[in-house]
Chemist: 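Before anything else, here's the structure in question.
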Amino acid sequence: MPTVEKKAVKKTTAKKRKRKLVIVESPSKAKTIGKYLGPSYKVMASLGHVRDLPRSTMGVDLDHNYEPHYISIRGKGSVIKDLRKEAKKASQVYLAADPDREGEAIAWHLSYLLGLDPNDNNRVVFNEITKDAVKGAFKHPRSIDMNLVDAQQARRVLDRLVGYSISPLLWAKIKKGLSAGRVQSIALNMIIKREEEIRNFKPQEYWTISAKFKSQRQQFTAEYYGIDGKKQELKNNADVQQILARLDQKQLFAITKVDRKERQRFAALPFTTSTMQQAANNTLKFRTQKTMMIAQQLYEGLSLGRGGAVGLITYMRTDSTRISNVAVHEAAEFIHETYGSEYAAVKPRKGKLAEGAQDAHEAIRPSSVKRTPDSIKEYLTRDQYRLYSLIWSRFVASQMTPAVYDTMAVTLEQNGVIYRARGSKMKFPGYTIVYPDAKRKDNQLPDLEKGQTAKLITNQPDQHFTLPPARYTEAALIKTLEENGVGRPSTYAPTLSTIQKRYYVKLTARKFEPTELGEIVNSMIEKCFPDILNVTFTANLEGQLDEIEEGKQQWIKVIDQFYQPFSKEVATAQDKMAKVKIKDEPAGINCDICGAPLVIKLGRYGKFYACSRFPDCRNTKPIVKNIGVTCPKCQQGEVIERKSKKNRIFYGCSRYPDCDFVSWDKPIGRSCPKCQHYLVEKKSKNNVQIKCSNCDYVEQE
């Protein structure tokens with residue numbers, strides 16, 4: 001009996017013991033951290049920001065030092081209520097939002113709502129979500145960094161002043177639903193300027209001569225270089241004929257120079273946010289938003305079977321290439337054990353921090369290099385595995401020795417005409433065994449020496465024309481924005497998303513193309529708000545935001561210096577900006593409800609058919625492209641080109657929903673000779689093939 005009483009006392013004491021409350025942003029992050037901290041902690045998620053400026057009004061007091069008026073975000077009432085309830089019961093509250101400006105602002109807003117003192121040591125930050133990193137961070141909590149909070153507030157207020165000043169003008173002068181912003185307006189302007197370059201481009205003719213030679217019983221290719229010791233360009237066919245006239249087909253070419261060198265090729269530095277976005281776009285064909293979403297999942301933690309949930313990468317919003325000493329040491333050990341000492345760099349390269357870049361966080365790297373992609377592949381989705389593999393291999397490669405190539409440059413001459421041949425052969429693979437260089441291939445030349453001769457076998461002149469600059473891909477635009485100091489890593493994904501949502505640009509073959517609406521909006525902003533589109537001005541403003549974070553500038557002063565001249569531009573623009581009417585185009589067909597002519601209207605998501613009698617008749621129809629193929633399923637409807645919600649082209653029957661035929665690949669209107677199913681046009685990166693939609697039949701060219 002006494003033993004039972006003793007147990008009861010212990011149980012009562014355990015119930016009274018208060019737990020410590022930890023608040024993070026996301027439920028998955030809360031789940032991972034909760035496992036590391038144990039039962040004495042309760043980890044909850046705020047689900048992102050809890051307070052923000054109101055959506056219905058400016059929310060910034062222009063007469064009282066630009067004081068922001070924050071309100072609780074709609075829909076977060078129950079979250080805030082639960083957090084307050086648990087905070088009252090907790091012995092200690094820790095704010096463990098992400099380690100950046102946004103995370104610091106979330107922590108500050110939470111401290112206000114929960115009645116916490118921002119000067120208390122209740123802020124916990126960690127760069128990776130691993131057991132050691134999390135537990136170590138809780139040993140050294142700090143107070144909320146108000147410099148970081150002020151930098152975030154300054155950016156938020158600046159964006160609100162710009163957006164809520166210009167957007168109403170665009171609504172009044174063009175159409176409702178439009179918006180403008182500091183970074184998005186520059187991104188749009190860059191896309192439109194590139195389009196203007198393409199439209200105004202005038203191709204220039206030029207020629208090349210590619211020759212095939214034979215020496216030492218081996219053939220090799222060389223390119224025309226110049227005459228009489230100097231490089232000379234071939235501008236037209238007349239220039240080519242002059243060169244060919246100087247050559248004697250029976251005479252051998254003399255090898256006048258052979259340069260042999262050993263060249264090293266170093267691995268790229270570990271990823272920053274923007275370089276990760278660019279590599280994922282180029283290599284994996286990921287959209288920027290998708291890259292950041294998957295990176296967030298890898299950072300917050302995924303379950304690895306019995307090992308439990310663990311954060312697989314370090315924080316994914318960074319513009320530093322710095323790596324911690326612990327990570328460098330672990331990588332060196334792994335490379336020695338896995339690949340051998342000759343592959344481990346003695347002194348890994350350190351990147352120079354870009355001007356204006358922040359060094360608060362490490363580069364993006366795996367939280368443990370020993371967690372190889374293949375060892376955890378079964379626990380990841382296909383996309384998670386592909387991005388993790390990219391991050392892991394880039395980091396490991398950065399800690400390895402360079403690839404070594406034997407290069408050879410050969411100069412051949414006859415009657416003053418010079419050809420050059422270049423070859424290379426990999427001598428030592430170095431980092432390329434984990435991060436292959438897809439663009440570099442061996443081009444081995446025969447073992448040639450100065451004084452030898454070579455016989456000309458073929459000489460092929462080719463006419464070319466210079467090409468206009470390419471449209472921006474997501475990767476190229478991010479790179480250009482970063483090089484110009486516009487925006488920060490965390491802003492690129494939402495910026496590119498916004499200009500597409502507003503239908504200012506559209507993606508065609510993974511490249512940005514401006515729309516008519518985008519060009520109208522850009523023209524308006526260009527005339528009335530030149531500073532908004534001034535790259536140098538915006539980059540300087542970004543620099544001032546960084547100085548606020550470093551405590552070198554007062555945020556109110558920075559806002560005031562921007563807003564005083566900007567407000568005058570807004571006042572002038574209200575009178576100066578002409579109203580633009582986007583005219584409806586005749587569709588050439590009649591409304592199938594009332595018989596009135598249909599017109600083509602420009603809506604939020606692009607062009608569509610609408611009845612000219614609107615609002616009396618509200619009939620609308622999507623604009624679809626008929627590809628001239630009868631539906632292979634019902635044999636009654638026509639196959640038309642449609643677009644999915646993610647703007648991807650697919651093909652379906654015009655009789656939908658009566659016929660549910662759908663195909664990602666374009667039907668060509670012929671049947672497979674093998675199984676009689678319909679044939680489709682299958683596009684790959686390099687070619688187009690005609691394949692069967694059902695069996696393995698491929699039409700030979």
Side-chain angles (χ1 to χ4, degrees), residues 208 210-225 255-271 275-276 278-285 321 323 328 331-351 363 365-366 369 372-374 386 388-412 419-450 452 454 457 475 684-686:
T208 58
S210 182
K212 193 172 281 186
F213 290 90
K214 187 175 183 180
S215 182
Q216 308 295 311
R217 296 184 179 179
Q218 285 183 278
Q219 291 188 5
F220 61 96
T221 57
E223 302 294 323
Y224 164 78
Y225 177 77
I255 297 175
T256 57
K257 191 176 181 182
V258 177
D259 280 339
R260 287 184 173 86
K261 290 181 181 178
E262 184 180 273
R263 293 189 182 275
Q264 292 184 332
R265 188 173 179 86
F266 290 87
L269 294 165
F271 283 132
T275 55
M276 177 184 70
Q278 291 167 49
N281 186 254
N282 289 327
T283 309
L284 308 179
K285 307 296 182 263
T321 54
I323 295 294
V328 169
E333 276 188 348
F334 175 81
I335 294 164
H336 270 91
E337 292 170 7
T338 311
Y339 305 106
S341 58
E342 67 272 27
Y343 286 94
V346 179
K347 286 186 178 180
R349 283 195 312 143
K350 291 182 180 178
R365 62 168 176 82
V369 74
T372 63
D374 286 340
R386 293 173 74 202
Y388 180 72
S389 298
L390 196 66
I391 293 167
W392 184 91
S393 57
R394 173 88 165 219
F395 167 67
V396 174
S398 74
Q399 305 303 302
M400 295 176 78
T401 48
V404 181
Y405 295 88
D406 283 331
T407 65
M408 189 175 175
V410 179
T411 303
L412 304 100
Y419 282 74
R420 282 192 175 176
R422 295 185 182 277
S424 68
K425 183 185 177 184
M426 183 179 280
K427 186 177 182 180
F428 177 69
Y431 75 89
T432 62
I433 59 171
V434 295
Y435 199 75
D437 187 349
K439 293 180 182 178
R440 183 173 285 272
K441 292 179 182 177
D442 281 355
N443 175 33
Q444 203 166 346
L445 295 177
D447 189 17
L448 302 171
E449 297 291 344
K450 182 180 177 181
Q452 291 179 341
I457 299 172
S684 66
K685 190 175 181 180
N686 299 317

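All heavy atoms count here, side chains included; hydrogens, waters and symmetry mates do not.
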Chemist: Going through the distances and angles, do Y343 and F428 end up as a ring-ring contact (aromatic ring centres under 6.0 Å, His included)?
Modeler: CA-CA 9 Å; Y343 286 94; F428 177 69; 4.8 Å; yes

Chemist: Kindly write out the residues that satisfy ring-ring contact (aromatic ring centres under 6.0 Å, His included) with Y405, not counting sequence neighbours, or none if the list is empty.
Modeler: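 In terms of ring-ring contact (aromatic ring centres under 6.0 Å, His included), with neighbours along the sequence ignored, Y405 is linked to no residue.
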
Chemist: With heavy-atom distances below 4.5 Å as the criterion, would you say the side chains of Y225 and T411 are in contact?
Modeler: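 No, every pair of side-chain atoms sits at 4.5 Å or beyond.
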
Chemist: Carefully, step by step, assess V369 and W392 under the rule side chain to side chain contact (heavy atoms under 4.5 Å, CB included).
Modeler: CA-CA 7 Å; V369 74; W392 184 91; 3.9 Å; yes

Chemist: What's the shortest heavy-atom distance between A268 and S398, and which atoms?
Modeler: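 Result for this residue pair: O-CB, 3.5 Å.
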
Chemist: Would you indicate whether the side-chain heavy atoms of Q452 and V258 approach each other to under 4.5 Å?
Modeler: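 A side-chain contact under 4.5 Å is absent here.
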
Chemist: Would you say S393's side chain and L390's backbone share a donor-acceptor pair under 3.5 angstrom?
Modeler: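 Judged by distance alone, yes, a pair lies under 3.5 Å.
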
Chemist: Between T321 and P270, which heavy-atom pair has the shortest distance, and what is it?
Modeler: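 Heavy atoms only, the tightest pair is CG2-O, 3.8 Å.
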
Chemist: Quick check for you: to the nearest 0.5 Å, what is the distance between Q399 atom CD and F334 atom CZ?
Modeler: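 Answer for the CD-CZ pair, Q399 versus F334, is 12.5 Å.
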
Chemist: Any idea which heavy atoms bring T432 and A403 closest together, and the distance?
Modeler: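 Here T432 and A403 meet closest at CG2-CB, 3.9 Å.
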
Chemist: I'd like to know if R422 pairs up with D259 as an ion pair, taking the criterion as any Lys NZ or Arg NE/NH1/NH2 lying under 4.0 Å from an Asp or Glu carboxylate oxygen.
Modeler: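 The answer is no: the pair does not qualify as a salt bridge.
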
Chemist: Once you round to the nearest 0.5 Å, how far does CG of D447 lie from CE of M408?
Modeler: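 If we round to the nearest 0.5 Å, D447:CG and M408:CE are 6.0 Å apart.
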
Chemist: Quick check for you: to the nearest 0.5 Å, what is the distance between Q444 atom CD and Q218 atom CD?
Modeler: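 So the CD of Q444 and the CD of Q218 are separated by 8.0 Å.
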
Chemist: Shortest non-hydrogen contact from Y431 to A397?
Modeler: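 Scanning both residues, the minimum pair turns out to be CB-O, 3.6 Å.
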
Chemist: To the closest 0.5 Å, what do you measure between CD (E262) and CD (Q264)?
Modeler: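 Here the interatomic distance stands at 6.5 Å.
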
Chemist: Ignoring hydrogens and geometry, is there a side-chain-to-backbone donor-acceptor pair from T401 to E342 under 3.5 Å?
Modeler: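 At least one qualifying donor-acceptor pair exists.
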
Chemist: Side chains of H336 and S341, heavy atoms from C-beta outward: is any pair under 4.5 Å?
Modeler: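 Heavy-atom side-chain distance check passes, below 4.5 Å.
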
Chemist: Set out, in order, the CA-CA distance, both residues' side-chain angles and the distance that settles side chain to side chain contact (heavy atoms under 4.5 Å, CB included) for D406 and R260, then state yes or no.
Modeler: CA-CA 7 Å; D406 283 331; R260 287 184 173 86; over 6 Å; no

Chemist: Just jot down the side-chain hydrogen bond (donor to acceptor under 3.5 Å, both in side chains) partners of E333, sequence neighbours excluded, or say none.
Modeler: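 Expected list: H329.
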
Chemist: Minimum heavy-atom separation for E449 and I255, please, with both atom names.
Modeler: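 Looking at all heavy atoms of both residues, the closest pair is O-CG2, 3.6 Å.
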
Chemist: Name all residues meeting the ring-ring contact (aromatic ring centres under 6.0 Å, His included) criterion together with F266; count only those two or more places apart in sequence or in a different chain, and write none if there are none.
Modeler: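 F266 satisfies ring-ring contact (aromatic ring centres under 6.0 Å, His included) with no other residue.
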
Chemist: Verify, without hydrogens or angle tests, whether T407 (side chain) and K261 (backbone) share a donor-acceptor contact under 3.5 angstrom.
Modeler: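 Confirmed, T407 side chain pairs with K261 backbone.
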
Chemist: Calculate, to the nearest 0.5 Å, the distance between atoms NZ and NZ belonging to K450 and K257 respectively.
Modeler: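 If we round to the nearest 0.5 Å, K450:NZ and K257:NZ are 8.5 Å apart.
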
Chemist: Using every non-hydrogen atom in the two residues, find where T372 and Y388 come nearest and quote the distance to one decimal.
Modeler: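 The pair with the smallest heavy-atom distance is C-CE2, 4.2 Å.
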
Chemist: Can you tell if the side chain of F220 reaches within under 4.5 Å of the side chain of L412, non-hydrogen atoms only?
Modeler: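 Contact flag for F220/L412 side chains = yes.
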
